[in-house]
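FYI, the numbering just counts along the sequence from 1. FYI, side chains are in, hydrogens and waters are out, and symmetry mates aren't considered; it's all heavy atoms of this structure.
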Amino acid sequence: MVLQVTKEDAEKLVSVPILFTLFAVAFWLVTQYGPEFGIVASTLIWPALLVGTFSWFSYEVGKHRTRLVYVLKALLLGAFLVVFDFAVENAGAILGFWTVKQSALHVMAVPVEVMILIFFGAAAWAMHVPEKRNWLYMLFDSLNFGFFGALGEFILLQNQMMEYSNGWTSMHAFAGYFVTWLILFALWWLVLNYKSSRNPKKYTYDK
């Protein structure tokens, strides 16, 4: 069991929160001051997130372009998260915990933008995290996604793109994202990428 974070892993660990912080600050500024210039934040959030996610995914694919199996496994993890999120979001909507609005297309209760974001976003994330399993990294990264997932939903709430009800709060959202990322780590390191995550070398296979 690895409980030590290397310098390389630490750089990976902080890079995504830095990126998320920049997005959050930008969205907050647009939310607060955009109306003065005729800019509606809710019309920019989905496109900006999609562009950011595609850019991250393309970058990670470029880094691992000679490792087709690895990329395909990352896409499989993205597909899992789409199915998992679809089930959770619809269950929450049925129970009256939340409603997500302003989408080009809803698939039942789930905006198609969210499905695209989590498919490519989860795949990019899988290719970004350390290949060798590290439980301390898993804890901190899950906390990161718990915090920024809840913060992202708060921004959606502020822009009337989402609504909470029946006692659901940002703390519940934080816990949900935290547990979801623990599940993703377990699936990625212990199932999809099991042999590679145990290998002391950087890569177990190249293709």
Return the [atom1] to [atom2] distance between [X] and [Y], rounded to the nearest 0.5 Å.
| X | Y | atom1 | atom2 | result |
| --- | --- | --- | --- | --- |
| L157 | F154 | CG | CZ | 7.5 Å |
| I155 | L49 | CD1 | CG | 8.5 Å |
| I183 | L77 | CD1 | CG | 11.0 Å |
| Y59 | M127 | OH | CE | 11.5 Å |

Please report the C-alpha distance between M162 and T99 in whole Å, then the side-chain angles of each, then the deciding distance to 0.1 Å, and finally whether the side-chain contact (heavy atoms from CB on, under 4.5 Å) criterion is met.
-> CA-CA 6 Å; M162 190 173 188; T99 302; over 6 Å; no

Shortest non-hydrogen contact between [X] and [Y], atoms and distance:
| X | Y | answer |
| --- | --- | --- |
| A122 | G78 | CB-CA, 3.8 Å |
| M115 | V82 | O-CG2, 3.6 Å |
| H172 | G167 | CE1-O, 3.4 Å |
| I118 | L81 | CD1-O, 3.7 Å |
| E60 | A124 | CG-O, 3.5 Å |

Take V129 and L13 through the test side-chain contact (heavy atoms from CB on, under 4.5 Å) and record every step on the way to the result.
-> CA-CA 8 Å; V129 300; L13 189 60; over 6 Å; no

Donor-acceptor pair, [X] side chain versus [Y] backbone, under 3.5 Å?
| X | Y | value |
| --- | --- | --- |
| N90 | A109 | yes |
| W188 | A126 | yes |
| E153 | S170 | no |
| H64 | Y70 | no |
| Q160 | Q158 | yes |
| K73 | N193 | no |
| S15 | K12 | yes |
| N159 | M161 | no |
| T53 | L117 | no |

Once the angle between the rings of [X] and [Y] is folded into 0 to 90°, is it parallel (under 30°), tilted (30 to 60°) or perpendicular (over 60°)?
| X | Y | answer |
| --- | --- | --- |
| F23 | F27 | tilted |
| H128 | W56 | perpendicular |
| W181 | Y177 | tilted |

Do [X] and [Y] sit in the same hydrophobic cluster, where Ile, Leu, Val, Met, Phe, Trp and Tyr count as joined when their side-chain heavy atoms come under 4.5 Å apart?
| X | Y | value |
| --- | --- | --- |
| I39 | I45 | no |
| L192 | F120 | yes |
| F140 | L19 | yes |
| L72 | V191 | yes |
| L29 | L151 | no |

Just wondering, more than 12 heavy atoms not from F86 lying within 6.0 Å of its CZ?
->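 It does: F86 CZ has more than 12 such atoms within range.
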
Applying ring-ring contact (aromatic ring centres under 6.0 Å, His included), run through Y164 and F97 and close with a yes or a no.
-> CA-CA 6 Å; Y164 286 165; F97 289 139; 9.7 Å; no

For the residue pair [X] and [Y], establish whether any side-chain heavy-atom pair is separated by less than 4.5 Å.
| X | Y | value |
| --- | --- | --- |
| K101 | E163 | yes |
| F80 | L76 | no |
| V112 | H106 | no |
| F174 | T169 | no |

Can Q102 and S42 be said to form a side chain to side chain donor-acceptor pair (under 3.5 Å), step by step?
-> CA-CA 8 Å; Q102 297 190 30; S42 61; 3.1 Å; yes

Chi angles and distances behind the side-chain contact (heavy atoms from CB on, under 4.5 Å) call for L44, V30 = CA-CA 9 Å; L44 299 177; V30 173; 4.1 Å; yes

Would you call R67 and E131 a salt bridge, using N to O less than 4.0 angstrom?
->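 Here R67 pairs with E131 in a salt bridge, since their nearest N and O are under 4.0 Å apart.
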
Answer with yes or no whether the side chains of E113 and S103 bring together a donor and an acceptor at under 3.5 Å.
->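 Distance-only check passes for S103 and E113.
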
Is the closest side-chain donor-acceptor distance between N166 and W98 under 3.5 Å?
->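 No donor-acceptor contact under 3.5 Å links the two side chains.
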
For the pair F57 and L75, evaluate side-chain contact (heavy atoms from CB on, under 4.5 Å) and give the outcome as yes or no after the intermediate values.
-> CA-CA 10 Å; F57 175 77; L75 288 170; 3.7 Å; yes

By side chain to side chain donor-acceptor pair (under 3.5 Å), which residues pair with T21, not counting sequence neighbours?
->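 Not a single residue meets the side chain to side chain donor-acceptor pair (under 3.5 Å) criterion with T21.
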
Matching residue for W125 among F119, F20, F148, F185 - test: ring pair (Phe, Tyr, Trp, His ring centres under 6.0 Å) |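 Going through the options one by one, the only one that passes is F185.
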
F145-F178 aromatic ring centre distance below 6.0 Å |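 F145 vs F178: aromatic centres not under 6.0 Å.
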
